[in-house]
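The sequence lines fix the lettering, A, B, ..., with proteins before strands; numbering per chain opens at 1. Side chains are part of it too, since the values below use all heavy atoms of this structure and drop only hydrogens, waters and symmetry mates.
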There are 2 protein chains.
Amino acid sequence: MSKRKISIEDIARKAGVSHSTVSRALRDSPLISAKVREEIKKLAQEMNYVPNAIAQSLQNQRTYTVGVIVTSIADPFFGELVEGIEQVARKAGLNVLLNASHGDFDQEIAAIENFHYRRVDGILVADSRIGKNHNKRLTQLTVPTVLINIDTEAHNETFHSVAIDDRLGGCVAVEHLLDLGHTRIGYIGVGDSSKADQQRLEGYHLALSQAKLSANQDWVAIPQRDSQTISDFDIGKQLLPQLVAAGVTGIFCYNDMVAVGALLACKELGISVPQDLSLVGFDNIALASYITPALTTVSQRMVEMGELAMTMLLDLFEEKAVDNILLSPFLVKRGSTTQVSKAKKISNYIEVKI
Amino acid sequence: MSKRKISIEDIARKAGVSHSTVSRALRDSPLISAKVREEIKKLAQEMNYVPNAIAQSLQNQRTYTVGVIVTSIADPFFGELVEGIEQVARKAGLNVLLNASHGDFDQEIAAIENFHYRRVDGILVADSRIGKNHNKRLTQLTVPTVLINIDTEAHNETFHSVAIDDRLGGCVAVEHLLDLGHTRIGYIGVGDSSKADQQRLEGYHLALSQAKLSANQDWVAIPQRDSQTISDFDIGKQLLPQLVAAGVTGIFCYNDMVAVGALLACKELGISVPQDLSLVGFDNIALASYITPALTTVSQRMVEMGELAMTMLLDLFEEKAVDNILLSPFLVKRGSTTQVSKAKKISNYIEVKI
DNA sequence: CTGTTAGCGCGTTCAC
DNA sequence: GTGAACGCGCTAACAG
């Protein structure tokens with residue numbers, strides 16, 4: 001196996017033609033006679049010729065490569081997202097260059113500079129941790145860019161984006177509980193200052209007020225964030241008791257891990273789900289369907305978001321006009337929610353116990 | 001924002017020097033006087049100069065890019081793997097080009113050709129579904145390549161690899177049950193013809209024979225694969241009863257999803273884990289720690305495998321000699337296993353029930 | 001120390 | 001139809 005790769009010059013020499021003839025023949029130029037074209041193609045095949053994308057890129061000024069920035073690839077969410085991105089990218093003949101930011105803003109900037117350096121054709125940024133105050137610096141972008149699930153007030157002209165409608169998701173979750181007859185409904189948040197947390201809470205309030213129910217301060221539990229970072233699971237576990245004590249019969253949790261934590265707390269307190277308490281999560285992670293009882297939850301659509309974002313980028317390449325996308329999440333009904341009934345007795349139970 | 005990027009020629013013109021002086025200055029060549037070097041660097045800064053990696057690559061014959069092939073990025077396992085790869089790649093100044101094969105051999109070949117076309121410096125292949133009969137074609141590889149968790153008889157010279165020691169993993173799982181006093185131990189496999197399934201079963205037998213226990217045919221359950229593809233979860237759920245009927249007090253499951261399925265079957269049958277039956281999984285997926293009871297399992301080390309594979313590739317770049325790596329999995333003890341005791345009564349229980 | 005020149009491999013005028 | 005020549009942006013060998 002020869003060390004150096006075959007170039008069009010090599011095959012031109014062997015064919016007794018010039019390198020530009022070879023170039024044309026391989027690209028099916030109509031300027032070339034059918035005969036020599038086939039001849040050259042055959043020769044290229046035999047010589048194991050593999051065109052050099054680098055040289056082509058230098059000429060075309062296109063790399064057929066998109067840069068993707070995610071917080072962490074190990075996070076199954078971003079895994080699904082990248083899956084969607086990669087699929088439509090590959091179908092369009094593009095490749096994905098992957099960078100992880102680990103939620104660090106400096107690393108995100110470094111990743112963008114790296115992508116500029118490598119002359120990617122477009123950039124996709126999906127970094128839940130980057131707050132809105134940061135992304136101003138992204139303005140320096142000179143290549144088409146799509147933001148995924150990132151909050152920006154300047155969504156309008158400068159940025160293109162696709163995101164999940166968290167407010168609607170919160171609504172959907174709470175409406176489900178309302179439909180089941182619940183009126184005392186709580187929310188457990190995580191208290192990072194993310195768009196998601198805020199908007200899901202907004203959706204919660206919205207659904208309640210649409211049902212003419214007044215919100216009760218005690219039904220909303222959000223941890224203090226000055227202390228140690230705490231896992232979502234532990235948040236659910238620790239905050240559940242106070243909501244139960246406040247007499248709720250249903251709880252909408254910020255996400256599935258919070259709900260799972262809450263569920264475990266229920267088990268330890270002897271509260272049975274869903275008979276005594278209904279729980280709704282958010283995200284629809286794999287775990288949600290395997291736990292007992294299986295978790296009713298609002299489903300993210302990460303693969304789809306990836307596909308849409310990449311498709312949007314392709315449109316931008318062709319300079320089409322694109323509209324930002326706000327994806328509607330949908331409810332997945334499972335075993336952790338049911339009709340409210342004798343459930344109201346729980347609060348007494350707890351009060352006795354405390 | 002100017003459309004065309006700044007080149008070293010642009011800044012050379014402005015500085016009144018030649019482009020090669022600029023090139024040297026920016027690369028800290030000792031041939032350049034400190035004065036003009038600083039001057040040029042400042043100018044480059046002001047003009048927002050970003051070097052062109054494509055042009056550099058064409059010159060260096062290196063792209064500082066590695067190609068990574070995985071079955072599916074959405075699979076959390078591969079997510080962790082890529083996480084490990086990306087981290088050490090980035091530290092070494094390399095970028096990751098990602099391709100998914102979806103277990104399709106043709107797509108895998110296409111991915112490799114694509115990587116050749118793009119002149120990556122090295123390739124990492126992690127594709128559990130590709131059998132040993134296929135990878136002969138990988139021999140055409142002309143760039144340094146490391147195989148991850150792929151079975152090859154030709155591991156020796158041609159291929160470099162890092163893999164998990166499934167046989168040892170099986171041993172470790174069964175030895176744990178033996179240590180707890182179990183003597184009637186079962187295995188639930190999945191019956192794909194993968195290296196993993198075969199070797200974990202081998203480990204199971206090895207541990208039993210080392211303990212001077214004779215294996216019982218009825219204690220090993222492996223589904224027929226001619227029918228529909230069936231999820232690991234359902235395999236565990238469906239095969240559990242027959243093992244319990246055969247009187248086992250402990251079961252080593254091919255992986256965690258199988259174990260979770262088995263666990264659910266236990267719940268439905270009124271068998272309590274671990275009091276009546278001990279379960280050991282494999283993989284240590286996130287779910288394993290959240291389910292009740294938390295699952296004792298043999299842990300994969302995917303992030304580490306990614307790091308090691310990428311590090312090996314870096315060594316290959318420097319033409320160092322490298323040894324193939326066989327990673328030892330380790331046991332994570334949790335709630336689904338305990339001392340054998342009155343457990344033997346289960347078999348009777350089942351027999352009565354059937 | 002700095003400028004000139006020659007490629008890296010390919011696509012694309014512009015002549016013939 | 002085909003070849004010669006130029007340029008994409010950069011590094012390196014060779015002059016001075």
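Rounding to the nearest 0.5 angstrom, the gap separating the CG atom in Asn324(B) from the CE atom in Met312(B) is 5.5 Å. To the nearest 0.5 Å, atom CG of residue Leu31(B) and atom CZ of residue Arg37(B) are 10.5 Å apart. The CD1 atom of Ile325(B) sits 13.0 Å away from atom CG of Asp165(B), with the distance rounded to the nearest 0.5 Å. Note that CD of Glu307(A) and CG of Leu81(A) are 10.0 Å apart. Values are rounded to the nearest 0.5 Å.
Salt-bridge check for Arg90(B) with Glu86(B): passed, with a basic side-chain N closer than 4.0 Å to an acidic carboxylate O.
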TODO: Any chance you could list the contact pattern along nucleotides 10-16 of chain C? Use B for base contacts, S for sugar-phosphate-only contacts and - for none, protein heavy atoms under 4.0 Å, 5' to 3'.
DONE: BBBB---
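Contact annotation: Ser33(A) side-chain N/O to dT2(D) OP1/OP2 distance is under 4.0 Å. OP1 or OP2 of dG9(D) sits under 4.0 Å from a side-chain N or O of Gln61(A).
Counting to the nearest Å, the C1' atom of dA12(D) and the CZ atom of Arg62(B) are 18 Å from each other. The nearest whole Å value for the distance from the CD1 atom in Ile40(B) to the P atom in dC10(D) is 13 Å. To the nearest angstrom, P of dT11(D) lies 11 Å from OH of Tyr64(B). In this structure, Leu58(B) places its CG atom 14 Å from P of dG7(C), rounding to the nearest Å.
Atom CD of Gln45(A) has 12 or fewer heavy atoms from other residues, nucleotides or ligands within 6.0 Å.
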